[in-house]
Amino acid sequence: MVKHQPLQVYEKQVFISFVTGFYGCRWKRYQRSQDNSSRWECTWFIILCSSFFLLLFWAYFWLVAQNDFNEFNWSVYNRYGEWRDETIPIIVCTIVGFSYLTFLTILAIFHISLGQQLNLHSFHKIGVLATLLTIISGVITVDDIWGDEWGILHVSLQSTAPFLHTGALASVTAISWLVAGCVVRRERSKFHVILILIYAIILLAVYLAPLTFTCPCIMDHHSLKSRPEIIGRRGAPMLAPENTMASFNRAMQHRASSLEADVTISADGVPFLMRDHTLRRTTDVSKVFPARQFDDSSFFNWTEIRSLNAGQWFLESDPYWTVETLTVKDRSRIRNQTVCSLVEMLRLAARANSSALLNIRIPPPEHPRYRSWFMDTLWTVQKAGISLKRVTWMPDSDRGRVRGLQQTTNERLSIEDLGQRGITSLTLHYSKASHKDIQEYLANNVSVTVYPVNEPWLYSILWCSGVPSVSSDAPQVLQKVPYPIWLMSQNTYNFIWITADLVSLAIVTGIFYFKNNRWRMQHIGKPSYNPEQIMLSAVARQSSRDVNIMKEKLIFSELDNGLSSSEELSL
């Protein structure tokens, strides 16, 4: 009896079909190929990787920029005149784009590891290109509207650098599997040599990266100073409208040590609290005084200002996404808020035995109180009954006329300039307050207040740096941080760093050794063929004469063995 065996048995390769199908829409076996990728497809792979890393940078920026989301919306408002929460569409688009590019990048890496051609589908090429152009335009727009915010990247690295280093170390170690698969072979080209050199340089740079880190929280536990005091910046604006009595009361409820407010002088000499130059964003001036809604707020008299509602806008715009967390009683109280005067805020601080930080906006030269704004403010402070030693104000001007009041400046000055001007207090933006500068200021008895600090990670960095106080829009959040998020000694971190590098080096060496031995066992002395490339059309056809002779032999063989002539014979 003749037994018939198939020439080639193809097993279903679900994983390869999934990878090549979603990446290049090549679901069938005959559509796939293990030939080398063309230069055009390699170029698209480089574009994909570049887009992924750029989007990774973009996502990290917005992750740490949560500290200043309201500042971004305020910048957009000042530019276009309408209040919109622009962070929501940005975050949604970033999440969608990052998920999409991450998925494609993982599929591309699987293509390389499986030896498949990098044939990216045209639909994905359009999607990658659109995502890349969107990110580039977003970076340009942010740099134009909010260029100062790039400084948060450098500040955030003081907290995230050790963890980013660990992630980078794990990624570079994992990539060694692909690199080893490309370069461990007998026929090496210039490309393989360049590839291994680039990988070695990147690996060495990652290993030595901690030498460039400046992390304040890598310190001895006993050197940690006392917890920084929290100043309610415009009260607690996440829980109530900024610069209102409701906001300052909420700040006091969350144990803020001091209150910070923006002071403007009215046309009749009454200091009141208002951040913007106009009343449009935080009051209903467009309804009460529609013809004057674009006028400078300082040109309204106190009676007109007091008639405006300063709370309804908060419930309608929900600038911090916190309205839903408020009770019905809180919403009712907020709805009836009016513009707060300076004397009201100072009396609240005096009753709470607290202090106040005033950001005074000097009125324009054509203002009726331009020459008397200083005395108007000073008289209001005295009228409030608060100790002058508990009041600090900006700008740092008219120092000769100030008696007993504390003055501060938001300029980053040298120790020599501070001594010449007699300044003992600084109020700096976190991007201008480096760890080295803070240490220098504190060593020379200069008090430093950093603003705005709304996220626990930033608060932890400044705590480790020894900052005595921070100004925050979220005192209710920072009060829940009893200790820095992470803190470790230098010796502990050095041990973790060196151990991780040695483990990574051992894994990389083992992968290259394993790949080299496996390649030798599979290729040396053996013919090279690829079952994926076997095609039925490539099988050589025998001549019809040979086929007939083979049929005759089979028939006689079957008859000799006593088989039935009716049994099916097949080749």
Worksheet item: Can you list every pair that meets side-chain hydrogen bond (donor to acceptor under 3.5 Å, both in side chains) and has a residue in residues 128-143, with sequence neighbours left out?
Response: Asp143-Trp150
Discussion item. Distance check, rounded to the nearest 0.5 Å: Leu358 atom CG versus Thr380 atom OG1?
Written reply: 10.0 Å
Worksheet item: Do any N or O atoms from the side chain of Asn73 and from the backbone of Asp85 form a donor-acceptor pair under 3.5 angstrom?
Response: no
Worksheet item: Got a salt bridge between Asp144 and Arg79, using NZ or NE/NH1/NH2 to carboxylate O under 4.0 Å?
Response: yes
Worksheet item: With sequence neighbours excluded, what pairs up with Ser414 under the side chain to side chain contact (heavy atoms under 4.5 Å, CB included) test?
Response: Glu416, Asp417
Worksheet entry | ring pair (Phe, Tyr, Trp, His ring centres under 6.0 Å) partners for Phe289, two or more places apart | Phe300
Worksheet entry | Contacts of type ring pair (Phe, Tyr, Trp, His ring centres under 6.0 Å), residue His429, not counting sequence neighbours | Tyr451
Fill in: Phe163: ring pair (Phe, Tyr, Trp, His ring centres under 6.0 Å) partners, not counting sequence neighbours
Trp486
Worksheet item: Between Arg390 and Asn353, is there a donor-acceptor pair closer than 3.5 Å when you use the side chain of the first and the backbone of the second?
Response: yes
Practice prompt. May I ask you to check whether Thr94 and Trp58 show a side-chain donor-acceptor distance below 3.5 Å?
Written response: yes
Item to complete: For Leu63, check side chain to side chain contact (heavy atoms under 4.5 Å, CB included) against everything at least two apart and list the hits.
Response: Gln66
Discussion item. Between Trp62 and Phe72, is the ring centroid distance below 6.0 Å?
Written reply: yes
Worksheet item: Would you call Asp276 and Arg361 a salt bridge, using N to O less than 4.0 angstrom?
Response: no
Worksheet item: Judged by atom type as modelled, is there a donor-acceptor pair below 3.5 Å linking the side chain of Asn67 to the main-chain atoms of Asn454?
Response: yes
Item to complete: Please identify each residue that fulfils salt bridge (charged side-chain N to carboxylate O under 4.0 Å, His left out) with Arg280, with sequence neighbours left out.
Response: none
Worksheet item: In terms of side-chain heavy atoms, does Thr449 have a donor or acceptor partner in Ser469 at a distance below 3.5 Å?
Response: yes
Worksheet item: Tell me, which pairs form a ring pair (Phe, Tyr, Trp, His ring centres under 6.0 Å) where one or both residues lie in residues 242-286, sequence neighbours left out?
Response: none
Worksheet item: What residues form a salt bridge (charged side-chain N to carboxylate O under 4.0 Å, His left out) with Glu82, not counting sequence neighbours?
Response: Arg84
Show me the donor-acceptor pairs within less than 3.5 Å that the side chains of residues 208-220 make with the rest of the protein, sequence neighbours left out.
{"residue": "Thr212", "atom": "OG1", "partner": "Ala209", "partner atom": "O", "Å": "2.7"}
{"residue": "Asp220", "atom": "OD2", "partner": "His222", "partner atom": "N", "Å": "3.0"}

Worksheet item: Does Arg347 have any salt bridge (charged side-chain N to carboxylate O under 4.0 Å, His left out) partners at least two apart in sequence or in another chain, and if so, which?
Response: none
Worksheet entry | Under the ring pair (Phe, Tyr, Trp, His ring centres under 6.0 Å) test, residues paired with Tyr100 that sit two or more places apart | His124
